[in-house]
Amino acid sequence: MEWVLFLIFGLVAAAAAVGMVLQRSPIYSALCLILALFAQGGLYILLHAELIAAVHIFVYAGAIMVLFLFVIMLLDLRPEDRSPVRTNPVGVSVGLILAGLLLAELALGVGPHIALGPRGVYDFETVRAVGNTQAVGRILFREYLIPFELTSVILLAAMVGAMVLAKRKLE
Amino acid sequence: MDFLFATILKIALVMGLVLLAVAYLTWLERKVIGDIQVRYGPSRVGRFGLLQPIADGIKLMFKEDIVPANADRLIFLLAPAISIIPALIVFAVIPFGPSFVITDVNVGLLYVFAVTSLGVYGIVLAGWGSNSKYALLGGLRSSAQMVSYELSLGLSVIGVVMMAGSLSLVDIVEAQKGSWYGILPRWNVIPQFLGFVIFLLSSNAELNRAPFDLPEAETELVAGFHTEYSSMKFAMFFMAEYANMIAASAMATTLFLGGWQGPLLPPVIWFLLKVFCFLFLFMWLRATLPRFRYDQLMGFGWKVLLPAALVNVMLTAAVLLIFA
């Protein structure tokens, strides 16, 4: 049963990601990205990471992508306004090399010597015992408190910077 | 197999009830607003106009289904569906009674927020796909409004989560059991009054209902995002709006009014009574208040509700830290 769901979510995510790149209309690209994010949320649920799945959908699909759509609609890019696709030989070759490298890495990863990271303290049973949300909260606010706070300060600085740049005149 | 059957039965029951309630909410809203404005409201079809929703439904189904020229057909078709589906799947985690909940998810509250935050796509895409300036303006307004008020909506319930220590809606209701000094019910509305007011105001804005109905402001945008829609597609936007209204009332009940908790009457009846009070409040607000101006709406959301919600979070955290 889980296998089937994994296959469905995985295929949808991959197909939507490819669709996002191939679509000519930016609105359809954004919609494909939303679909990919959804399928990814489904994969998180299959991994029993309910909190991450809900936050993922809430933040990315529910807030950030709405703003993306907002901007695309404000710019009102119609298909005829956009320049035709030009194929640059350098770009194509770099892309092909990157794709080849990624495929090779993937083959190595799932091949005979499966690369496994070090096993953490929080395995499935521990997380189930303390609760999904509680486990994430504990790690975030105990072990990684300072990096977490630093990240929020950096985000705040970026936000203030964006406002300063966007405003022509500061009173 | 039994589990699957019971779940399907529950889903069918809840969906049936919600859709029936949606139909009759349109009747009730017209009656209530009519009464407030000293009119009769629907009175011709059946006794007290009780068959009016059915007549409306039949009429809408047989209306011509118009797709404007140069509209994006796929998006135009998808938009009403995208707006109604999130409105309906919210009910999967809402606890109607002690054992009457379709599924009790451990991140239930976040699930509700995640799902309701998707409803905005229906409106935005309807606005864009219609290829009409009024619809586009309505869609743009809606996306700005929904994203702004979602922040204070999300922050307003943090206090409730802190008091219950859980994101599961069943746990949140259970945490409001009993009473203070034997008379005051332990409902969150008393210690979390500020949060409750912020929640009500921002959920009213999220519902796009008067006085926050800028996305469809008739006087300036014809009908906003659904200007070009007709027939059942038009009706689906309204079904979504009323289903969202029930969901918001159910959430307010669950989070702040103790859900199904109450003396004497059976739990489900208590729950439905409280939900009905909120539904009535939403209608009353619509009948009484004029629409905000757009700058007032944004100013109110960002400069009043958001700081107030943050103050509420800090106060709750401080009180919990000192006394618990």
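Values in this document were obtained by computation on a predicted structure and should not be read as measured data. Every chain is numbered from 1, with letters handed out A, B, ... down the list of sequences.
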Side chain to side chain contact (heavy atoms under 4.5 Å, CB included) partner of Ile123(B), the single match among Asn208(B), Ile82(B), Leu140(B)
Asn208(B)
Contacting moiety of Val147(B), where chain A heavy atoms sit under 4.5 Å:
side chain
Results of side chain to side chain donor-acceptor pair (under 3.5 Å) for Thr133(A) - residues two or more places apart only
none
Residues of residues 154-175 of chain B with a heavy atom under 4.5 Å from any heavy atom of chain A, in residue-number order, are Gly165(B), Leu167(B)
What residue among Leu310(B), Leu305(B), Asn312(B) forms side chain to side chain contact (heavy atoms under 4.5 Å, CB included) with Ser152(B)?
Leu305(B)
To the nearest 0.5 Å, what is the distance between CG (Leu118(B)) and CD1 (Ile34(A))?
8.5 Å
Side-chain donor-acceptor pairs under 3.5 Å in residues 48-61 of chain A, sequence neighbours left out?
unit_1	atom_1	unit_2	atom_2	d
Glu50(A)	OE1	Asn132(A)	ND2	2.7
His56(A)	NE2	Leu37(A)	O	3.2

Which donor-acceptor pairs under 3.5 Å do side chains of residues 134-154 of chain A form with protein atoms, sequence neighbours excluded?
unit_1	atom_1	unit_2	atom_2	d
Thr151(A)	OG1	Pro147(A)	O	2.6
Ser152(A)	OG	Glu149(A)	O	2.6

Would you give the length of the straight line joining atom OH of Tyr28(A) to atom CG of Leu31(A), rounded to the nearest 0.5 angstrom?
7.5 Å
Please flag which part of Leu125(B) lies under 4.5 Å from any non-hydrogen atom of chain A: side chain, backbone, both or neither.
side chain
With only heavy atoms counted, which part of Tyr121(B) is less than 4.5 Å from chain A, the side chain, the backbone, both or neither?
side chain
